[in-house]
2 protein chains.
Amino acid sequence: MTAAESSAAGAASGSGAAPVTGASSGAARGMPTLEMVAELAGVSRATVSRVVNDSPKVTPEITRSVQAAIAELNYVPNRAARSLVNRRTQAIALVVPESTAKVFADPFFASVVQGIALFLAETDYTLNMLISSEGRPEKTRRYLLGGNVDGAIVVSHHSGDHSYAHLGQALPIVFGGRPLAEQNGSYYVDVDNVAGAITATEHLLSLGRRRIATIAGPQDMPPGVDRLAGWRQALGRAGVSDAMVELGDFSPASGAAAMRRLLDRGGPIDALFAANDQMAAGAFSVLHERGLRIPGDIAVVGFDDDYFGATATPALTTVHQPAAQLGAMMAEVLVKIIEGVPVERVTSLPTALVVRDSA
Amino acid sequence: MTAAESSAAGAASGSGAAPVTGASSGAARGMPTLEMVAELAGVSRATVSRVVNDSPKVTPEITRSVQAAIAELNYVPNRAARSLVNRRTQAIALVVPESTAKVFADPFFASVVQGIALFLAETDYTLNMLISSEGRPEKTRRYLLGGNVDGAIVVSHHSGDHSYAHLGQALPIVFGGRPLAEQNGSYYVDVDNVAGAITATEHLLSLGRRRIATIAGPQDMPPGVDRLAGWRQALGRAGVSDAMVELGDFSPASGAAAMRRLLDRGGPIDALFAANDQMAAGAFSVLHERGLRIPGDIAVVGFDDDYFGATATPALTTVHQPAAQLGAMMAEVLVKIIEGVPVERVTSLPTALVVRDSA
DNA sequence: TTGTATGCGTTATCAA
DNA sequence: TTGATAACGCATACAA
């Protein structure tokens with residue numbers, strides 16, 4: 001992912017002919033309207049509308065005839081018109097900050113999106129994905145407040161970014177990840193990072209390890225602080241020292257650097273809890289470099305259940321995040337808020353330890 | 001990515017109070033309308049509309065006063081109303097087949113999406129992402145044909161899936177990847193797989209290798225056949241044997257299996273072109289397993305420039321795909337089609353060889 | 001239970 | 001150049 005500066009650009013090599021596609025939207029032409037259905041069914045538009053929105057009061061017989069007409073004409077209600085009168089768009093925005101978009105390739109994030117989309121597919125909400133450029137956030141703001149969507153889901157890379165929190169009063173918003181500072185009253189769904197870290201650390205303890213170091217994440221990111229806290233708690237309960245801490249920034253390089261610092265301290269280390277798999281990857285390379293065996297000399301547990309884990313040698317034991325469920329839950333919570341169903345402000349999903357070979 | 005069956009589900013642990021959010025859309029309440037702007041500016045609605053759509057014929061003076069009113073009221077045009085009269089939604093669908101969604105975590109795919117979103121962010125089109133379940137494709141069809149979007153971009157995993165091709169007559173559609181069978185006249189943008197494979201193979205040849213094997217992709221997928229074809233062409237030109245071919249399905253496991261078969265043939269091999277990095281990864285493990293050195297004994301080149309490549313040992317030389325540009329180009333082509341600007345039916349983007357340590 | 005009439009916020013046609 | 005006014009397709013209060 002390092003080198004590879006592609007020179008690719010607008011090089012277009014044609015082949016087929018390029019028939020000027022007349023103009024404008026093809027589908028919009030001659031779409032059947034509610035009125036046409038009414039005519040065909042021999043009823044009024046109001047009645048058709050009732051059938052479409054399955055209003056309780058309508059004769060079964062007439063209902064069937066209307067449905068037949070609908071089927072025959074292949075009628076499908078015009079969203080814009082409906083939205084205009086309802087004041088509801090049936091659309092939900094998925095806001096992803098540009099900085100996050102760069103690491104869009106993060107499988108965790110990808111799964112979250114997938115979960116959202118899959119859940120929404122079962123409802124009749126549409127997902128409007130938009131990348132918010134940090135440069136001019138007003139554009140996003142305008143879009144969100146412009147009545148284009150009924151609600152929004154904000155996911156930022158390693159969570160904690162609630163810069164759109166203030167919009168929560170104007171528009172239903174659900175965040176992915178705990179906010180850094182306790183927010184007034186924003187909704188969010190998160191994975192239980194503290195519990196996950198505890199599980200990971202206890203696993204190490206159960207293996208008999210007592211010299212357990214950690215490479216923690218940035219302390220200005222909730223997952224960073226929570227995972228460190230979990231590690232501390234587990235160690236505290238076991239009465240084991242929690243002195244061996246080095247910080248990283250969740251990148252492999254920072255993980256490698258932290259591992260070096262840990263090793264260079266000279267003290268004994270028989271286990272490592274890395275706050276994410278990427279940093280564990282960095283640690284792996286340093287460990288190999290110094291001829292230390294995993295898990296023989298040092299057992300290591302990661303966090304995230306990245307793509308790295310399964311293919312690493314040895315395969316990495318790590319804490320799995322239910323990414324897709326996380327996404328689905330965010331969507332579910334948002335839909336509930338939109339529809340006025342009471343929901344808790346914070347929803348937290350459990351992690352699961354995936355035991356492989358490294359610990 | 002193998003194990004890890006998370007038991008996570010709907011475990012919700014609350015914390016804050018759950019104030020019933022009244023009901024319905026917050027943003028829709030009391031949004032300023034064009035009429036209000038007109039009133040404030042002391043002009044007619046028509047004039048305001050003209051200013052908004054910057055029609056040429058309108059006094060500079062009056063324009064300013066209207067703009068002032070717009071700013072003061074923080075007016076934003078109602079999309080639904082506009083769409084109702086225009087018959088244009090300013091929305092574009094991104095259709096991703098469910099099977100593709102599963103491998104959503106594919107960084108290549110993710111970058112494509114990113115490219116699309118980024119490009120669209122500069123236009124005033126909205127991106128409606130929808131996962132089409134193979135189970136009932138009618139739902140997607142209805143959505144697409146229901147006048148919800150002005151056009152669609154269809155990306156499927158390893159391309160070639162043009163099952164929505166027939167909709168191309170009713171709605172502007174751009175596909176990612178060359179169709180398997182020559183389609184009537186669908187638009188698509190693709191990477192030049194043949195050229196990429198040629199470049200890769202020629203690189204191997206330039207290194208003096210002459211016993212060049214390949215692990216090809218499925219021959220029912222365009223990239224699979226194109227990359228194999230490219231390899232063959234390069235070999236043919238050099239007058240070198242193209243007998244060493246084994247097929248895989250683009251997965252690491254299949255790559256490993258293919259590598260084993262290749263080695264078990266007993267003939268000499270001094271280089272390998274894997275049709276994608278994932279299969280190269282599988283090959284790597286087998287090579288290591290058998291004590292073969294890379295690139296000493298066997299030089300290997302992959303394709304895709306996956307996450308695997310940079311972190312592999314040795315780092316993988318591979319063919320980079322301009323994923324983001326691909327996405328951007330798809331969006332660009334679609335917008336042109338929608339707006340009636342002539343475009344070539346097929347656009348192909350160049351790849352770039354990324355030389356690292358494996359060849 | 002069904003139909004009639006009105007309005008949702010814009011754009012477009014036609015006069016002025 | 002600007003202003004009335006009529007659609008656009010649908011939902012609903014009200015009348016029947």
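By convention in this document, chain letters (A, B, ...) are assigned in the order of the sequence lines, proteins followed by strands, and residues within each chain are numbered from 1. Nothing here was measured: the structure is a model prediction, and the numbers come from that model.
In terms of heavy atoms, B:Leu144 sits closest to B:Ala93 at CD1-CB, 3.8 Å. Smallest separation of non-hydrogen atoms from A:Ala170 and A:Leu145: CB-CD1, 4.1 Å. For A:Tyr164 against A:Val154, the heavy-atom pair with the smallest separation is CD1-CG1, 4.2 Å. Of all the heavy atoms in B:Gly151 and B:Leu334, the pair that sits closest is C-CD2, 3.8 Å. Nearest heavy atom pair, residue A:Ile131 against residue B:Gln114, reads CD1-O, 4.2 Å. Between A:Ala152 and A:Val95, the closest heavy-atom pair is CB-CG2, 4.5 Å.
D:dG9 atom P lies 23 Å from atom CZ of A:Arg88, rounded to whole Å. Rounded to an integer number of Å, the gap from CZ of B:Arg79 to C1' of C:dT11 is 16 Å.
Inspection of the B:Ser348 and B:Asp190 side chains reveals no N or O donor paired with an N or O acceptor under 3.5 Å. Inspection of the B:Arg88 and B:Tyr125 side chains reveals an N or O donor paired with an N or O acceptor under 3.5 Å.
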### Message
Only Watson-Crick and G-U wobble pairs with both distances less than 3.5 Å should count. Give DNA chain D in dot-bracket notation, marking inter-strand partners with |.
### Response
||||||||||||||||
Contacts under 3.5 Å, N or O only, protein and nucleotides 13-16 of chain D:
none

Please list each protein N or O that sits under 3.5 Å from an N or O in nucleotides 8-10 of chain C, with the distance.
{"from": "C:dG9", "atom 1": "OP1", "to": "A:Arg87", "atom 2": "NH2", "distance (Å)": "2.6"}
{"from": "C:dT10", "atom 1": "OP1", "to": "B:Tyr75", "atom 2": "OH", "distance (Å)": "2.6"}
{"from": "C:dT10", "atom 1": "OP1", "to": "B:Asn78", "atom 2": "N", "distance (Å)": "3.0"}
{"from": "C:dT10", "atom 1": "OP2", "to": "B:Leu34", "atom 2": "N", "distance (Å)": "2.5"}
{"from": "C:dT10", "atom 1": "O5'", "to": "B:Tyr75", "atom 2": "OH", "distance (Å)": "3.3"}

Show me the donor-acceptor pairs, under 3.5 Å and distance only, between side chains in residues 38-49 of chain B and residues at least two apart or in other chains.
{"from": "B:Ser44", "atom 1": "OG", "to": "B:Ala46", "atom 2": "N", "distance (Å)": "3.4"}
{"from": "B:Ser44", "atom 1": "OG", "to": "B:Thr47", "atom 2": "N", "distance (Å)": "3.3"}
{"from": "B:Ser44", "atom 1": "OG", "to": "B:Thr47", "atom 2": "OG1", "distance (Å)": "3.2"}
{"from": "B:Ser49", "atom 1": "OG", "to": "B:Asn53", "atom 2": "ND2", "distance (Å)": "3.4"}

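Among residues two or more places apart in sequence or in another chain, the salt bridge (charged side-chain N to carboxylate O under 4.0 Å, His left out) test is passed with A:Glu61 by none.
Distances shown here put every side-chain N or O of B:Thr47 at or beyond 4.0 Å from the OP1 or OP2 atom of D:dT2.
Residue contacts for B:Val43: at a heavy-atom cut-off of 4.0 Å it reaches the sugar-phosphate backbone alone, with no base atom in range.
The side chain of B:Asn86 has C:dT11 as its nearest neighbour among D:dA4, C:dT11, C:dT2.
Looking only at distances, a side-chain donor or acceptor of B:Thr33 sits under 3.5 Å from a matching main-chain atom of B:Met36.
Of the candidates B:Ile338, B:Asn128, B:Val149, B:Ile92 forms a side-chain contact (heavy atoms from CB on, under 4.5 Å) with just one, namely B:Ile338.
Within residues 56-72 of chain A, the residues that place at least one heavy atom under 4.0 Å from DNA chain C are, in residue-number order, A:Lys57, A:Val58, A:Thr59, A:Ile62.
Atom CG of A:Asp150 sits about 9.5 Å away from atom CG of A:Asn86, to the nearest 0.5 Å.
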